[in-house]
Peer 1: 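Just passing along the structure, written as structure tokens.
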Amino acid sequence: IKKIPSFLLSNLQDVFIILFNSDEVADSVRLSVISLIVEHIPLNDVLKTLQKVWLSDVSKNGDSVAVSLFLSTLESTVEAIDKKHATQQ
């Protein structure tokens, strides 16, 4: 992938909610999409969106798979982001 389509950037929160809650989709597919997002979307945007998704969806639904995918995404983002930017978020 050379560039993430612009419609994904404007709807990143919705994309994460769908990824975390798509029980019919294999976890390996969801993790691959998450990996692509972390690699190709500005990490500051990913981190801000993850906070919104946690507050609006993941923390409220009680789905252990969604929580696991969320934490995996958060871990990948924190590992990839510059520490200075992470602490400013």
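In this chain, numbering begins with 1 at the start of the sequence shown.
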Peer 1: Distance-only check: which donor-acceptor pairs under 3.5 Å involve side-chain atoms of residues 71-81, not counting sequence neighbours?
Peer 2:
residue, atom, partner, partner atom, Å
Thr73, OG1, Leu69, O, 2.8
Ser76, OG, Ser72, O, 3.0
Thr77, OG1, Thr73, O, 2.8

Peer 1: Any non-hydrogen side-chain atom of Leu47 less than 4.5 Å from a side-chain atom of Leu43?
Peer 2: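 No, side chains not in contact.
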
Peer 1: Under the side-chain hydrogen bond (donor to acceptor under 3.5 Å, both in side chains) definition, can you give me all pairs with a residue in residues 60-69, not counting sequence neighbours?
Peer 2: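 Every pair satisfying side-chain hydrogen bond (donor to acceptor under 3.5 Å, both in side chains) with a residue in residues 60-69: Asn21-Asn61.
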
Peer 1: Could you measure the distance from the CG atom of Leu12 to the CD1 atom of Ile37? Nearest 0.5 Å is fine.
Peer 2: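 Reported value, rounded in 0.5 Å steps: 6.0 Å.
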
Peer 1: Is there a side-chain contact between Val65 and Phe70 in this structure, where contact means two heavy atoms from C-beta onward sitting under 4.5 Å apart?
Peer 2: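 Sidechains of Phe70 and Val65: no contact.
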
Peer 1: Taking the side chain as C-beta and beyond, is there a heavy-atom pair between Val58 and Phe16 under 4.5 Å?
Peer 2: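 Result no, sub-4.5 Å side-chain heavy-atom pair not found.
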
Peer 1: Let me confirm one number: the NZ-CD distance from Lys48 to Gln13, rounded to the nearest 0.5 Å.
Peer 2: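 Reported to 0.5 Å precision, the distance equals 13.5 Å.
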
Peer 1: Partners of Ser22 by side-chain contact (heavy atoms from CB on, under 4.5 Å), sequence neighbours excluded?
Peer 2: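 side-chain contact (heavy atoms from CB on, under 4.5 Å) check on Ser22 returns Ile18, Val25, Arg30.
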
Peer 1: Does any N or O in the side chain of Thr49 come within less than 3.5 Å of the main-chain N or O of Asp45, such that one atom is a donor and the other an acceptor?
Peer 2: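 It does hold such a pair.
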
